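Here the structure comes first, spelled out in structure tokens, and everything after it is commentary.
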Amino acid sequence: MKAAVVVANEDVQYQEIEEPKVTKGAVKIKVRYSGICGSDIPRVLNHGVHFYPIVLGHEFSGDVVEVGEGVTKVKVGDRVSGAPLLPCMKCDDCQQGNFSLCKHYSFIGSRQQGSNADYVVVPEQNAVPFDKSVSYEQGAMFEPATVAIHGVFQNDYHGGEYVAILGGGTVGMFTMQWTKIFGSKKVVVFDISDERLDLAKRLGADEVINTKEEGYMEKAMAITGGKGYGFVFETAGQVPTMHMAFELAANKAHVCFIGTPHENLTFTPAQWENMNRKEFKLTGSWMSYSAPFPGREWDLTAHYFATGQLKFDPGFVYKKIPMSQAQEAFQLFKTPGLVKGKILLSNEED
């Protein structure tokens, strides 16, 4: 089969490799689309892989073309997305259903061969079927959608409150939609890009605020009558938005950091004291799994994509690029701010 193989730093070659074989309890998937995740970029451009050569790719969709002995969850012809985590299932965290926290895990597309190829083989439990009304492009977006809803669960979310979403990227857009589905009073999305804020409005945000505009904080607080936001979700992993979360939070609020920071994060005593004075609860969120594996995050994503309540917009996708041009696709990320949205590597004929 053909695959986009990372053979060295900044060197992705489309080459012929051995096709993976189906084993007992596993399924073979013909990959339609494989998304480039933010975590893949340093793997390719900054010596970030575990070994060379490797086939990356962990956000994918496709069709089941072969099933191994004992498989009952899916059948040949099913459309599926893939849950990439391979937990050990034996450690204390796994036994408690906290699969995201497993210290002995493997991972499709980083620790073993992934979906930037014609085919990928995964355990039966990692294949998540979805309805034929759901496009393959949507199917490749399951992983970020499940990351978003996992953060909602981590934040002990309930309806009837003002919600702030800090960051209008893919995870932020899905987090906004999940909080609306589960009954928010009003959801406000914060970003520095008018283009992303327009997308947020199309997807159902009640209000949007560009944080580059003067007086944005006063405007944000006025929406809540000065009380602040009962639920705050930081999805950008940026220092300014993490500081902003502490300021926007209401008394007794719930604040969740879904975004992953890539630089040192410091707070002044006055900034940190927000947590003391408001008595808000701060938590983190990591990946997207619960018991029974892979969890309700994946089941609910499949359900709400099928009903149309969880919306997919063409604005999620920056470009669809043939798998054979994966090298060129990764080079686009070397220009800061160029890529706005998801790049999908495609095995589609079109």
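Source: prediction; values computed, not measured. Any value given below was found using the heavy atoms of this structure, including those in side chains, with hydrogens, waters and symmetry copies removed. Numbering of residues begins at 1 and proceeds along the displayed sequence.
In this structure, Asp92 places its CG atom where only 12 or fewer heavy-atom neighbours from other residues, nucleotides or ligands lie under 6.0 Å away. Sparse packing is recorded around CD of Glu69, with 12 or fewer heavy atoms of other residues, nucleotides or ligands lying under 6.0 Å away. With a 6.0 Å radius and a threshold of 12 heavy atoms from other residues, nucleotides or ligands, Leu332 has its CG atom above the threshold. Residue Glu195 qualifies as open at atom CD: its count of foreign heavy atoms under 6.0 Å is 12 or below. Within 6.0 Å of the NZ atom in Lys201, the count of heavy atoms belonging to other residues, nucleotides or ligands exceeds 12. For Lys319, the NZ atom counts as loosely surrounded, since its 6.0 Å shell holds 12 or fewer non-hydrogen atoms of other residues, nucleotides or ligands. For Lys185, the NZ atom counts as loosely surrounded, since its 6.0 Å shell holds 12 or fewer non-hydrogen atoms of other residues, nucleotides or ligands.
The closest side-chain heavy-atom distance from Val188 to Ile223 is below 4.5 Å. With a 4.5 Å cut-off on side-chain heavy atoms, Ile17 and Val5 count as touching. Within the 4.5 Å cutoff, no side-chain heavy atoms of Val120 are placed close to those of Gln113. Side-chain contact check for Cys94 versus His104: every heavy-atom pair is 4.5 Å or farther apart. In this structure the side chain of Ile54 never reaches within 4.5 angstrom of the side chain of Arg43, judged on heavy atoms. Side-chain contact check for Lys103 versus Asp93: some heavy-atom pair is nearer than 4.5 Å. Between Phe174 and Ile149, every side-chain heavy-atom pair lies at or beyond the 4.5 Å cut-off. Residues Tyr119 and Val31 fail the side-chain proximity criterion, which asks for heavy atoms closer than 4.5 Å.
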*asked:* Please evaluate residues Met217 and Leu248 with respect to the criterion side chain to side chain contact (heavy atoms under 4.5 Å, CB included), reporting the C-alpha separation (whole Å), side-chain torsions for both, the decisive distance (0.1 Å), and the verdict.
replied: CA-CA 8 Å; Met217 184 59 69; Leu248 288 168; 3.5 Å; yes

_Applying side chain to side chain contact (heavy atoms under 4.5 Å, CB included) to Val187 and Tyr162, what does each step give before you reach the verdict?_
CA-CA 6 Å; Val187 184; Tyr162 290 100; over 6 Å; no

*Would you check, one step at a time, whether the test salt bridge (Lys or Arg N to Asp or Glu O under 4.0 Å) holds for Lys219 with Glu207?*
CA-CA 11 Å; Lys219 179 180 177 183; Glu207 303 269 1; 5.8 Å; no

*Please test Glu297 against Tyr289 for side-chain hydrogen bond (donor to acceptor under 3.5 Å, both in side chains), starting from the C-alpha separation and ending with a verdict.*
CA-CA 7 Å; Glu297 294 88 343; Tyr289 300 90; over 6 Å; no

*Hey, mind stepping through Phe312 and Leu203 against side chain to side chain contact (heavy atoms under 4.5 Å, CB included) and telling me if it holds?*
CA-CA 8 Å; Phe312 178 81; Leu203 291 168; over 6 Å; no

*Does the side chain to side chain contact (heavy atoms under 4.5 Å, CB included) test come out yes or no for Leu199 and Met173, once each step is laid out?*
CA-CA 8 Å; Leu199 173 59; Met173 296 300 183; 3.9 Å; yes

*Go through the steps to decide whether Glu124 and Asn126 satisfy the test side-chain hydrogen bond (donor to acceptor under 3.5 Å, both in side chains), and finish with yes or no.*
CA-CA 5 Å; Glu124 171 186 21; Asn126 293 72; over 6 Å; no

_Check against ring-ring contact (aromatic ring centres under 6.0 Å, His included), Phe190 and Tyr216_ = CA-CA 9 Å; Phe190 298 74; Tyr216 78 87; 7.1 Å; no

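Rounding to the nearest 0.5 Å gives a distance of 4.0 Å between CD1 of Ile258 and OG1 of Thr175. If you take CG on Asn155 and CD on Glu234, they are separated by 12.0 Å, rounding to the nearest 0.5 Å. Summarising the geometry, atom NE2 belonging to His50 is positioned 9.5 Å from atom CZ belonging to Phe107; distances are rounded to the nearest 0.5 Å. Rounded to the nearest 0.5 angstrom, Ser34 OG and Asn347 CG are separated by 8.5 Å. To the nearest 0.5 Å, the span separating CD on Gln271 from CD on Glu247 amounts to 8.0 Å. Interatomic distance, CG of Asp78 versus NZ of Lys132, reported as 6.5 Å (0.5 Å rounding).
No donor-acceptor pair under 3.5 Å is formed between the side chain of Trp178 and the backbone N or O of His150. Here the side chain of Gln138 pairs a donor or acceptor atom with the backbone of Ser135 at under 3.5 angstrom. A donor-acceptor distance shorter than 3.5 angstrom exists from the side chain of Lys340 to the backbone of Gly337, with no hydrogens or angles considered. Side chain of Asn9 to main chain of His47: a donor-acceptor pair is present (N/O by atom type, distance under 3.5 Å, no hydrogens or angles).
In the hydrophobic cluster analysis, where Ile, Leu, Val, Met, Phe, Trp and Tyr join through side-chain heavy atoms closer than 4.5 angstrom, Val189 is grouped apart from Tyr229. At a threshold of 4.5 Å between side-chain heavy atoms, the hydrophobic network of Ile, Leu, Val, Met, Phe, Trp and Tyr places Leu310 and Trp298 in one connected group. In the hydrophobic clustering of ILVMFWY residues, with side-chain heavy atoms under 4.5 Å counting as a link, Met89 and Val71 come out apart. Taking hydrophobic clusters as Ile, Leu, Val, Met, Phe, Trp and Tyr residues chained together by side-chain heavy-atom distances below 4.5 Å, Met323 does not share a cluster with Val122. Linking Ile, Leu, Val, Met, Phe, Trp and Tyr residues whenever their side-chain heavy atoms come within less than 4.5 Å leaves Tyr136 and Val64 in two separate clusters.
Taking 4.0 Å as the cut-off between side-chain N and carboxylate O, Lys186 and Glu161 do not count as a salt-bridged pair. A salt bridge does not link Asp299 with Arg296: none of the charged nitrogens is closer than 4.0 Å to a carboxylate oxygen. Here Asp118 does not pair with Lys30 in a salt bridge; the nearest charged N to carboxylate O distance is not below 4.0 Å. Ion pairing of Lys342 with Glu137 is absent here, as no side-chain N (NZ or NE/NH1/NH2) approaches a carboxylate O to less than 4.0 Å. Here Arg202 pairs with Asp313 in a salt bridge; the nearest charged N to carboxylate O distance falls below 4.0 Å. We find that Lys180 and Asp206 are joined by a salt bridge, their nearest charged nitrogen and carboxylate oxygen being less than 4.0 Å apart.
The aromatic rings of Phe233 and Phe231 sit parallel, their planes meeting at an angle under 30°, below the 60° perpendicular limit. Between Phe293 and Phe99, the ring planes are perpendicular. Angles over 60° get that label, and only those under 30° would be called parallel. Classification of the Phe182-Tyr157 ring pair by plane angle, with boundaries at 30° and 60°, yields tilted.
Ring to ring, Phe142 and Phe60 are not that close: their centroids are 6.0 angstrom or more apart. With ring centers used as reference points, His243 lies under 6.0 Å from Phe267.
Cation-pi geometry between Arg79 and Phe130 is not met at under 6.0 angstrom from the ring centre and within 45 degrees of the axis.
In summary, of the residues considered (Ile343, Asp40, Ile321, Val6), a side chain to side chain contact (heavy atoms under 4.5 Å, CB included) with Phe330 occurs for Asp40 alone. If you run side chain to side chain contact (heavy atoms under 4.5 Å, CB included) between Leu166 and each of Thr241, Ile209, Asp191, only Thr241 comes through.
For Tyr52 and Asp11, the side-chain atoms include no donor-acceptor pair closer than 3.5 Å.
Summarising the geometry of Val255 relative to Ala249, their closest heavy-atom pair is CG2-CB, 3.8 Å, with the distance given to 0.1 Å.
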